Number of protein chains: 2
Amino acid sequence: MRPNDPEHPDGTRAAKRPTIVDVARAAGVSTAVVSYALNGRPGVSPATRARVLRMADELGWRPATAARSLRSGPGAVGIVIVHDGGTGSRVASTLDLVAGAQEALGADGPTLAVHVAGSVDEAARLMDSWWTERRYAGYVVPHTRADDARLTTLRRVPAPTVVVGDVIGPSPTTWRHVVLDDAAAFARVGTFLADLGHARVAMLTGGDALLAPRRRARALGAALAERDVRFQAVSGDTAERAAAAVRPLLVGPDRPTAVVTDDDVAAGVVLDVARRLGLAVPWDLSVLAGTDSAACQLATPSLTAVPYPVRELGRAVGHALLGALAGDLAPGAVPPASGTVSVGNLVVRGSTAPPSA
Amino acid sequence: MRPNDPEHPDGTRAAKRPTIVDVARAAGVSTAVVSYALNGRPGVSPATRARVLRMADELGWRPATAARSLRSGPGAVGIVIVHDGGTGSRVASTLDLVAGAQEALGADGPTLAVHVAGSVDEAARLMDSWWTERRYAGYVVPHTRADDARLTTLRRVPAPTVVVGDVIGPSPTTWRHVVLDDAAAFARVGTFLADLGHARVAMLTGGDALLAPRRRARALGAALAERDVRFQAVSGDTAERAAAAVRPLLVGPDRPTAVVTDDDVAAGVVLDVARRLGLAVPWDLSVLAGTDSAACQLATPSLTAVPYPVRELGRAVGHALLGALAGDLAPGAVPPASGTVSVGNLVVRGSTAPPSA
DNA sequence: TTGAAAGCGTTACCAC
DNA sequence: GTGGTAACGCTTTCAA
């Protein structure tokens with residue numbers, strides 16, 4: 001169908017959408033004046049401005065995205081979610097992140113468009129194409145990984161970017177960073193478990209690629225080491241593999257008395273494995289979820305968890321995005337400032353207790 | 001930043017992106033020939049076509065979305081997710097739907113852009129604006145509701161649309177429909193529970209607005225009525241309200257011996273309420289989730305559930321979308337054909353059993 | 001088979 | 001303050 005095809009599919013005539021030319025004619029001025037008036041730029045008399053705005057409104061004029069993009073560059077920002085069937089509510093939480101970012105961006109800020117890719121590489125490829133096609137003004141990259149193809153691409157193309165999470169390697173000045181300060185929170189988890197009297201603690205993470213779980217494990221391990229608590233980390237990127245990784249740990253006399261997981265689904269897996277092994281949570285085994293969610297409240301027993309302020313994280317992303325798009329950094333200046341979102345205190349529920357003697 | 005600003009933010013010079021003019025010059029032909037060659041249109045000699053393609057590739061040319069949209073209309077399709085904090089993994093599953101649709105659309109089909117809105121009304125407003133702004137070539141509308149503002153909007157603007165779920169009222173010929181045939185599956189749930197010997201069954205749905213749960217409840221109720229099983233439906237759109245709705249049902253001697261829910265989170269709520277009331281699942285109470293998910297497998301006990309083929313649903317959406325965009329319906333022809341995705345057999349797990357005598 | 005040129009809707013520069 | 005007009009990159013019609 002042609003862009004302005006007045007031929008409505010069912011044969012009726014759809015009104016041709018008005019352009020600034022129509023508005024200009026209606027207001028009896030030139031298109032330049034209309035453009036200035038509509039964009040709130042100075043150089044138009046108040047009376048003319050009012051008349052133009054009224055006519056535009058009356059005619060139902062809205063700017064054509066394509067035409068505006070052609071002149072001024074794209075207004076939307078892209079975010080490509082990697083949907084590779086990993087464990088956890090990572091994918092779902094990304095939408096909360098987007099909601100938060102959109103909130104910070106406001107109604108007339110840029111809009112965030114989410115796309116779904118099957119792998120990091122596909123995501124990187126799409127982002128590359130779309131940048132070359134001038135489809136998006138910038139990108140948001142959530143859930144960074146080790147050796148992340150998306151970041152490799154974004155080091156090559158100068159797209160304004162907000163990276164959510166840790167980055168290995170250099171960051172171009174077009175990037176802004178937002179990180180969740182969960183290292184502090186996970187250190188507190190270590191103290192919490194040590195205080196309860198646990199002497200052997202394990203952590204289950206969802207695959208080796210993601211960087212956030214690594215940092216969490218590091219922080220937890222360090223805090224536990226300080227208290228002379230034995231610590232080990234295992235990983236499994238699907239529910240099945242996570243179960244297979246945890247099970248061997250929990251048999252034998254020297255087993256950990258507490259398991260910390262990266263996300264809610266992994267915690268569910270641990271609960272399941274424990275139940276099958278006849279270990280009573282929390283008495284025989286404490287379980288702690290690294291990412292709180294509704295599922296954590298509903299688990300049996302309900303799961304002690306580290307809060308996950310996605311919405312706030314999203315708002316921080318929105319603000320960082322505004323900075324990235326403005327490119328408000330002097331050439332050759334210091335690396336982009338980082339936004340840090342802090343995590344609150346552990347939500348203690350029924351899945352943690354002192355180890356049984 | 002201007003669209004083709006050669007000034008890279010860090011001061012280096014970014015290569016100006018090539019246009020068809022550059023390709024034309026490199027290949028020694030006119031832009032018209034380049035356009036024809038690049039779009040696989042007839043009227044170009046094989047030799048010229050090959051040369052053009054090679055040059056385009058060599059220069060790293062990609063079509064500018066905005067310029068193409070300006071002439072030929074937008075290529076992308078929008079889908080606005082309503083993220084109002086309701087129960088269930090509805091939001092998350094929408095991304096699976098999108099992944100499935102994208103799969104059916106193929107790599108060079110239109111891409112699906114997901115946006116997040118806080119309410120149905122906001123979604124409708126956005127879709128209206130974006131249609132007028134020629135931002136999207138069409139829309140996908142998932143999770144239809146009673147009195148759905150999005151559909152009201154789409155009856156007014158002639159946007160090619162794929163509606164996923166039931167529709168109350170007339171459908172313009174620009175619409176295509178995809179429905180999940182879960183009525184049949186829920187009828188089978190009724191038979192299943194009746195066969196187990198349940199005489200009183202309840203269903204918990206997540207709020208009254210969504211149409212899918214209504215149809216499910218209707219199908220379940222009808223199947224149970226045939227077997228003289230008493231049936232009642234209650235609803236609650238958040239975890240708290242769902243719990244408040246279910247609790248009163250489960251006290252008293254005449255309580256249902258089985259509860260069917262619309263989604264996994266609601267089923268978790270029922271498990272939780274049952275536990276607090278000292279009802280042992282499945283012996284004192286059977287619980288059945290209407291939408292299967294990883295959470296259903298991990299619940300304690302694991303939840304018997306109705307499969308949810310969201311990926312296939314997505315593929316059907318993709319195909320329907322192609323039809324909608326092509327507008328392949330004769331003017332004034334029969335209403336758009338519906339695509340139906342059928343649901344497999346109940347996955348029986350540990351949360352259902354015959355009622356205790 | 002190819003080339004020239006007219007749009008598409010908006011913005012921004014330069015005159016007046 | 002305001003009006004003309006040249007871009008922006010691509011598609012498509014019309015001639016050659």
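First the proteins, then the strands, lettered A, B, ... as listed; each starts at 1. Atoms considered below: every heavy atom in the structure, side chains included; atoms not considered: hydrogens, waters and symmetry mates. Quick caveat: nothing in here was measured; it's all calculated off a predicted structure.
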Could you pull out the closest heavy-atom pair between [X] and [Y], with the gap in Å?
{"X": "A/Val80", "Y": "A/Arg150", "value": "O-NH1, 4.3 Å"}
{"X": "A/Pro74", "Y": "A/Ser69", "value": "CA-OG, 3.8 Å"}
{"X": "B/Gly169", "Y": "B/Arg155", "value": "C-NH2, 3.6 Å"}

Please work out which residues in residues 41-56 of chain B have a non-hydrogen atom less than 4.0 Å from an atom of DNA chain C and list them by number.
B/Gly43, B/Val44, B/Ser45, B/Thr48
Of the listed nucleotides (D/dG3, C/dG9, C/dA5), which one gets closest to any side-chain atom of B/Ala32?
C/dA5
Between D/dG3, C/dT2, D/dT5, spot the one nearest the side chain of A/Thr31, thanks.
D/dT5
How would you label the contact of A/Val34 with the nucleic acid (heavy atoms, under 4.0 Å): base, sugar-phosphate, or nothing?
nothing
Applying a 4.0 Å non-hydrogen cut-off, can you work out what B/Val21 is touching in the nucleic acid: base, sugar-phosphate, or nothing?
nothing
Contact list please: residues 57-65 of chain A against DNA chain D, heavy atoms, distance less than 4.0 Å, in numerical order.
none
How many Å lie between [atom1] on [X] and [atom2] on [N], as a whole number?
{"X": "A/Arg25", "N": "C/dG9", "atom1": "CZ", "atom2": "P", "value": "12 Å"}
{"X": "B/Tyr36", "N": "D/dT13", "atom1": "OH", "atom2": "P", "value": "7 Å"}
{"X": "A/Ile20", "N": "D/dT5", "atom1": "CD1", "atom2": "P", "value": "15 Å"}
{"X": "B/Leu70", "N": "D/dT11", "atom1": "CG", "atom2": "C1'", "value": "10 Å"}

Output for pair (B/His115 NE2, B/Arg135 CZ), nearest 0.5 Å, gives 6.5 Å
Examine C/dG9: is either OP1 or OP2 under 4.0 Å from a nitrogen or oxygen in the side chain of A/Thr19? Give yes or no.
no
Under 4.0 Å from OP1 or OP2 of D/dT12: is there any side-chain N or O of B/Arg71 that close?
no
Could you pick out which residue, A/Val29 or B/Asn39, lies toward the 5' side of DNA chain D when each is mapped onto its nearest nucleotide?
A/Val29
Determine, for A/Arg54 against A/Asp57, whether the closest basic-nitrogen to carboxylate-oxygen distance falls under 4.0 angstrom.
no
I'd like to know if A/Arg125 and A/Asp128 make a salt bridge, using a cut-off of under 4.0 Å between side-chain N and carboxylate O.
no
Students often mix this up, so state it plainly: with edges at 30° and 60°, are the rings of A/Trp130 and A/Tyr136 parallel, tilted or perpendicular?
perpendicular
Knowing that exactly one of A/Arg62, A/Arg17, A/Arg68 qualifies, which makes a salt bridge (Lys or Arg N to Asp or Glu O under 4.0 Å) with B/Glu133?
A/Arg62
So, does B/Asn39 use its side chain to make a donor-acceptor pair with the main chain of B/Arg41 at under 3.5 Å?
no
I want to confirm an ordering. Mapping B/Ala67 and B/Gly28 to their closest nucleotides on DNA chain C, which one lands closer to the 5' end?
B/Gly28
